[in-house]
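To keep things clear, I will list the structure first and then write my remarks on it.
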Amino acid sequence: METQLSNGPTCNSTANGPSSISNNCSSPVESGSVEDSKTNLIVNYLPQNMTQEELKSLFGSIGEIESCKLVRDKITGQSLGYGFVNYVDPKDAEKAINTLNGLRLQTKTIKVSYARPSSASIRDANLYVSGLPKTMTQKELEQLFSQHGRIITSRILVDQVTGVSRGVGFIRFDRRVEAEEAIKGLNGQKPPGATEPITVKFANNPSQKTSQALLSQLYQSPNRRYPGPLAQQAQRFRLDNLLNMAYGVKSCPYSRFSPMTIDGVTSLAGINIPGQAGTGWCIFVYNLAPDADESILWQMFGPFGAVTNVKVIRDFNTNKCKGFGFVTMTNYDEAAMAIASLNGYRLGERVLQVSFKTNKTHKA
DNA sequence: TGAGATT
């Protein structure tokens, strides 16, 4: 694959919520008109490393899925951080919105809402706004732009440390024509009370950025900041991905394995061995309540890292949880951290026992 | 000069 080399922005930020003033999760259930699909969902703010299989696994825990797609960059294959899940039953789609919207996965807070019917008119309706007064809130920004159409998302970027507005933001309209009208009406204008005019223009496409970021990472010196073991492994993992994407190579089949141990999790006996690529690390969760379901496992383990699968073991006749379940996580460090944090965790009236699963890996 | 919502 021939790829252009250029120095693009070196933004590696995986944070989502903290970088915006609010997550704008305003009632996704009520959006859409009556003739819209009631089974097809769009899922936004997915973690960068989440795969289509993981997406399917997460949403499949709600009900039967007709189709599922993680949207990727056509050139680099990088996830664009969103995807679509189409259920067989509209009730499951509604349930997915109610139970999974706002779920925290790693550094992201995912958003689950009905997908609008796809059409050319809703594409390229995203605006970049700069020169905003630092005091302007997201609500005021929306008020300013809403005179030109229906706003799908809005965001004001803030300083990671101080939380103060950086005076730049994004507005996504329902339709391209609305965005065009907003540029005509607001570019170069002073918002009420402002001393400086704002700049309003179309935002960059996501694909432009990912290829730039990919290549700028290849040029970065890997050891500039002397990272600790966890960061080192994460960095190597990223490098593996980059090399794999750029050249189709995998540098080391054992790159998942880390000898690092965490307090309280020092035994490696009986857990899966490096080289069993693709299986991940299976975690045994004991003392779940009879009404426990898969979503509670996603909620508990998702924040610690990549979860590929969860399973609640149920009684065949009653369909009630038999008191235990399994969670599969991709990375050893994240699995160990989840175990160290969740073993002994009090869930309702119960104290959970969480450990690496002993003997053979559970296949769910 | 900047996140990531239309397959």
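Naming: A, B, ... by sequence-line order, numbering from 1 per chain. Just so you know, these numbers use all the heavy atoms, side chains as well, and skip hydrogens, waters and symmetry mates.
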### Query
CD1 of A:Ile110 versus P of B:dA5: gap in Å, rounded?
12 Å
### Query
Separation of A:Ile151 atom CD1 from B:dA3 atom P, in whole Å?
20 Å
#### Entry: Residues which pass ring-ring contact (aromatic ring centres under 6.0 Å, His included) with A:Phe170, listed by chain and number, not counting sequence neighbours
A:Tyr128
## Note on the structure
Ranking B:dA5, B:dG4, B:dT6 by distance to the side chain of A:Ile122, first place goes to B:dT6
## Note on the structure
With the side chain defined as heavy atoms from C-beta on, A:Arg166 is closest, among B:dG2, B:dA5, B:dT6, to B:dG2
### Message
Just N and O in the side chain of A:Ser118: are any of them under 4.0 Å from OP1 or OP2 of B:dT7?
### Response
yes
### Query
What nucleotide among B:dG4, B:dG2, B:dT7 has an atom nearest to a side-chain atom of A:Tyr45?
B:dG4
### Task
Could you state the atom-to-atom distance from OH of A:Tyr82 to P of B:dT6 in whole Å?
5 Å
### Task
Test for a donor-acceptor pair under 3.5 Å between the base of B:dT6 and the side chain of A:Arg123, counting only N and O atoms.
no
### Summary
A:Asp73 CG to B:dT7 P, in whole Å, measures 13 Å
### Task
Answer with yes or no whether A:Asn126 presents, from its side chain, a donor or acceptor under 3.5 Å of a partner atom in the base of B:dA5.
no
### Message
Quick check, does A:Phe170 stack with B:dG4? I mean ring centres under 5.5 Å and planes off by under 30°.
### Response
no
### Task
Classify the side-chain pair A:Ser154/A:Glu142 by whether it contains a donor and acceptor separated by less than 3.5 Å.
yes
### Query
Please give, in whole Å, the distance from B:dT6 P to A:Arg175 CZ?
16 Å
### Task
Could you tell me whether A:Lys95 and A:Asp89 have a side-chain N and a carboxylate O separated by less than 4.0 Å?
no
### Message
Would you say the base of B:dG2 stacks on A:Tyr128 (centre-to-centre below 5.5 Å, plane angle below 30°)?
### Response
yes
### Query
How many Å lie between CG on A:Asn205 and P on B:dG4, as a whole number?
15 Å
### Query
Within this structure, what is the CG-to-P distance between A:Asn101 and B:dA5, rounded to whole angstrom?
13 Å
### Query
Which is true for A:Asn86 with a 4.0 Å heavy-atom rule: it touches a base, it touches only sugar-phosphate, or it touches nothing?
nothing
### Message
So for A:Asn40 and B:dT7, does any side-chain atom that can act as donor or acceptor lie under 3.5 Å from a complementary atom in the base?
### Response
yes
### Query
A:Lys111 side chain: which of B:dA5, B:dG2, B:dT7 is closest?
B:dA5
### Task
Give a yes/no verdict on a cation-pi contact between A:Arg176 and A:Phe202, requiring under 6.0 Å between NZ or CZ and the six-membered ring centre and an angle within 45° of the axis.
yes
### Message
For A:Phe284, give me all partners under ring-ring contact (aromatic ring centres under 6.0 Å, His included), at least two apart in sequence or on another chain.
### Response
A:Phe324, A:Phe326
### Protein-nucleotide distance (A:Lys108, atom NZ; B:dA3, atom P), rounded to Å
10 Å
